[in-house]
Amino acid sequence: MSAQPRASQYSTPLLALMSAIMDFPAPSSATPKEYDTLIQQLDQLCPLQHFGMLGLSESGLHWVCEHQISDSFKLQLGLEASLLTEQLTQLDEAQGWCVFPIEHGQVQWLLACSQPKELPTLRLLLECLATRLNETQAGSQFSELASPLIRKDPDWQKKIESINRIIRLANTLPSQALFSQLEAVLRQMLAIKDVLLVRIDSHQLEKIYPELPLHGDEFIAGMCHSTNNIEQHKEQLFWYSQPLRLQQQYFAHFIISTPQLLETDDRLFLDFLRSQLTLLLELRRIRQQLHDINSEDSINQRLQQLRQTNLRLQKQLKQHQEQERRLQFDALHDPLTQLPNRALLMNHLNHAMTHFHRYKSPGFSLIFIDLDHFKQVNDTLGHGAGDQLLKEMSRRLQSCIRQNDMVARLGGDEFVIYLDSSKNEEDISPVLNRIISRLSYPFRLQGNELSITVSLGVASVSEQTTDISQLLHQADLAMYQAKRNGRSRIVSYSEECSAQTWASPEEMLAKALREGRILPYFQPVIRLKDSRLTGLEVMARWITEEGVLKDAFDFIPLAEQCGLIQELDYQILRHTCQQLKAWLPISGQCKFKVAINLSGKHLVNHEQIMRLMDIIETEGIAPGYLIFEFNERELSRQDSDALTSLHELRAKGIQISLDDFGTGFSSLNALFHFPVDYIKVDDSFTHRMLQSPKDLALIRAMRDICQDLDFTLVVEGIENQQQLQKLIDMGCLMGQGRYISPPMPGADITPLLTQTKGERG
């Protein structure tokens, strides 16, 4: 790439002005002189009566740049951001007005006015300027979002600013000089030995930088894959190769070598650098194409290309923002019902408690709701029907509350309602009556009509209430009193509830862990085409003191919220290893693996990983028999240490499975970011696939992606013959579900292992 031609090299004033527009900097860095020069150039080609760049801030509308904008016109627009769009779109084109919106930046509107006969030219110039501002502003925000390091460490911020300074030289430096500057900075930051930028085209290697690399073509080509990152240890150096993609198409490879293995933060920095380098190369390509223009006839074609680039950058930015919003939402809401979860409820209650004690407000009450005999629904109709019941239950409960109230799901079949400004019976009774009335109508579940009852416990805040946990405990005790009284009842908290020997769910769960009553059950995973057993998934079960068997979804959310999840995982892992040790002598050559669901909290540091490995080593089990499953939603919320921990687990021989795939919002990214071996499609897609073409298409797409990227796909939630046959016809490899086999205790699995003894994978 050569240095840019100056504006004077163009043959017409229009092309000269177009070049000047494409050199205009981002509004945040433009000087008053640059704004004045831009207005003068526009005015020479298209006499301006008015011109302005309008932005939004916390204080309202403000004029980033203005030319002959009267105070009366500003008053006409007002200061209300909500009215701005309507006011601007009402400006009359017949009077020469031209208006363009701009997204995601300091400038959000361009407006200008000229003679009506000049309107076509003015519209062309403003569209080009709007595209340029969109490009600089979206590019700036995209680079910020691409780096998780800026908010993490001031030292990283300095490094990123160093890279950005180099990238800002892209407008003035030839390519080789620019990449040479970049290499010098990287050598200082990361002790890099080699920096290569190459392109594989028709199996031929094109050297972009440096022009004469020290290594041969075969050596370099061996580290290039069009979709996957590659890490290799060659010639006493650690090599890292990353593909760069422009407009979803392969463009080039960025390759570096270091004498030492990169730490996790350095890997994240490398990802940031790749995104910046990709953006840089694309913008240079766009600029080069603009400079190659030799006639005004090609301007419209170039503008169309700029629009497409701008739309793509905006789409990427919106995807990042949507992902961030969804992750924040997921952290505070139940994934099944979309209701607030325990964390959001506790935050809301703490604010309410502070307000009550500070201002002596009317107070509030809690209603603790538990479905009666919910386990029977799951056992007789399946978990799909149970999920459907919980979602319909949440909708009915939400229809019972007032504007400032809240319905939350704590986990399993337990719900809590917060009643604002309600302490007396006359405030609470109308809500309770609505709940009883609306839940009295039968529920329709998978063609069945089912009547459901609930047990309700009520507790109200008082001057003696010290904290929220105490109030929740009182409502919980009242609910258990309602169950002891025969279910389908309402009990308000009193001292009689506390006098009982019943403990809270948290206390009962902790006691069950101490007494070893949280045990693993095992659900077979089969090869679909011939029903051969290939593995087992561990599912935790709680045997209560009364001998009732509770499913995992009844208590895993509780364990996560009250800090018992890691201890629960350790106990399940230990029991699983002991069971596996008993199976191995009788399984012969039967090839199978055992998958264990774990909390992402185990990935926070090396010590947590070693505690898991110590259990495996103590029980005498080879790590190669185990798969650790992590939920996609939870994994996407972990920090950079999680990536290091996953690599460490795989290095020790344990395979990794991404569970509930498709329910999060980083799904395809996760396939490239996290080192995984198995992808488990969430059972909600399986349940809907025969009625929903979209869900069926997603499973087909995942089948193809896993085949291309060498992952093993496991389809969960197979509950009937029709689903099983459809998956076999589609060529899906492995699956599990209640139709194949429900989760069973270890003793019931033993016959399956002896039946398949001697079979080879």
Side-chain angles (χ1 to χ4, degrees), residues 382-384 520-539 576 579-580 583-584 586-597 621-629 650 653-662 671 676-687 689-690 695-696 698-746 748-761:
H383 287 279
Y521 269 47
F522 303 87
Q523 184 172 46
V525 179
I526 65 168
R527 190 165 64 187
L528 296 179
K529 65 179 181 180
D530 57 9
S531 298
R532 189 180 73 83
L533 180 72
T534 61
L536 302 162
E537 180 181 354
V538 176
M539 297 184 178
T576 299
Q579 179 64 75
L580 186 56
W583 280 332
L584 291 178
I586 64 171
S587 63
Q589 298 298 316
C590 177
K591 303 287 187 179
F592 71 97
K593 289 180 178 287
V594 179
I596 304 175
N597 290 278
I621 292 298
Y625 282 103
L626 297 174
I627 303 169
F628 283 177
E629 292 191 0
R650 292 185 86 214
I654 291 175
Q655 293 187 299
I656 304 298
S657 176
L658 192 61
D659 198 14
D660 296 339
F661 186 82
L671 298 185
V676 299
D677 304 281
Y678 292 82
I679 306 296
K680 302 193 78 169
V681 176
D682 186 69
D683 58 9
S684 60
F685 297 101
T686 313
H687 296 162
M689 70 176 187
L690 297 180
D695 291 287
L696 192 62
L698 183 137
I699 296 177
R700 280 201 189 96
M702 286 312 308
R703 174 204 61 193
D704 296 340
I705 289 172
C706 287
Q707 288 175 353
D708 292 342
L709 301 182
D710 198 26
F711 298 125
T712 300
L713 182 70
V714 181
V715 182
E716 297 184 293
I718 303 173
E719 296 201 343
N720 56 55
Q721 172 63 33
Q722 292 78 16
Q723 293 170 351
L724 175 62
Q725 189 58 50
K726 187 66 177 178
L727 293 170
I728 294 174
D729 294 342
M730 290 167 59
C732 292
L733 182 63
M734 295 166 63
Q736 65 187 93
R738 299 185 70 85
Y739 178 74
I740 295 168
S741 173
M744 299 183 290
D748 294 346
I749 295 294
T750 303
L752 298 179
L753 300 177
T754 56
Q755 288 170 12
T756 55
K757 185 174 180 179
E759 293 185 12
R760 297 182 180 271

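Quick note: numbers below take in every heavy atom, side chains included, and nothing from hydrogens, waters or symmetry partners. All figures in this text were calculated on a predicted structure; none of them were measured in a lab.
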**Request:** Check whether any side-chain N or O of Lys529 sits under 3.5 Å from a backbone N or O of Leu733 as a donor-acceptor pair, and report yes or no.
**Result:**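 Absent.
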**Prompt:** Is a side-chain donor or acceptor of Gln523 paired with a backbone partner of Ser741 at a separation under 3.5 angstrom?
**Reply:**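 Checking the backbone N and O of Ser741 against the side chain of Gln523, a donor-acceptor pair under 3.5 Å is found.
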Measuring from [X]:[atom1] to [Y]:[atom2], what's the distance to the nearest 0.5 Å?
X      : Y      : atom1 : atom2 : result
Ile749 : Leu536 : CD1   : CG    : 5.0 Å
Ser657 : Glu537 : OG    : CD    : 8.0 Å
Leu698 : Arg703 : CG    : CZ    : 11.5 Å
Ile526 : Leu752 : CD1   : CG    : 11.0 Å
Asp704 : Leu709 : CG    : CG    : 10.5 Å
Asn597 : Lys680 : CG    : NZ    : 6.5 Å

**Message:** I'd like to check the ring pair (Phe, Tyr, Trp, His ring centres under 6.0 Å) partners of Phe522; sequence neighbours left out, ordered by chain and number.
**Reply:**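 Scan of Phe522 (ring pair (Phe, Tyr, Trp, His ring centres under 6.0 Å), adjacent residues dropped) gives Trp583.
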Taking only residues two or more places apart in sequence or in another chain, which ones pass side chain to side chain donor-acceptor pair (under 3.5 Å) with [X]?
X      : result
Asp530 : Arg527
Gln707 : none
Asp710 : none
Asp683 : none

Note, [X] side chain near [Y] side chain (heavy atom, < 4.5 Å):
X      : Y      : result
Tyr625 : Leu584 : yes
Asp748 : Pro745 : yes
His687 : Asp695 : no
Leu580 : Phe592 : yes
Arg650 : Asp677 : yes
Arg738 : Pro743 : yes
Thr576 : Ile621 : no
Leu696 : Met730 : yes

**Asked** Between Glu629 and Val538, is a side-chain contact (heavy atoms from CB on, under 4.5 Å) present by the stated rule, with each step listed?
**Response** CA-CA 10 Å; Glu629 292 191 0; Val538 176; over 6 Å; no
**Prompt:** Which heavy atom of Pro524 sits nearest a heavy atom of Leu533, and at what distance?
**Reply:**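 Here Pro524 and Leu533 meet closest at CB-CD1, 3.6 Å.
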**Request:** List the atom of Ile627, the atom of Lys593, and the distance in Å for their closest heavy-atom pair.
**Result:**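 What the structure gives for the nearest pair is CD1-CB, 3.8 Å.
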Distance-only donor-acceptor pairs under 3.5 Å for side chains of residues 713-721, two or more places apart:
residue: Asn720; atom: OD1; partner: Gln722; partner atom: N; Å: 3.2
residue: Asn720; atom: OD1; partner: Gln723; partner atom: N; Å: 2.7
residue: Gln721; atom: OE1; partner: Tyr739; partner atom: OH; Å: 2.6

**Request:** Check whether the side chains of Ser684 and Asp682 place a donor and an acceptor atom closer than 3.5 Å, and report yes or no.
**Result:**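 The criterion, which ignores hydrogens and geometry beyond distance, is satisfied for Asp682 and Ser684.
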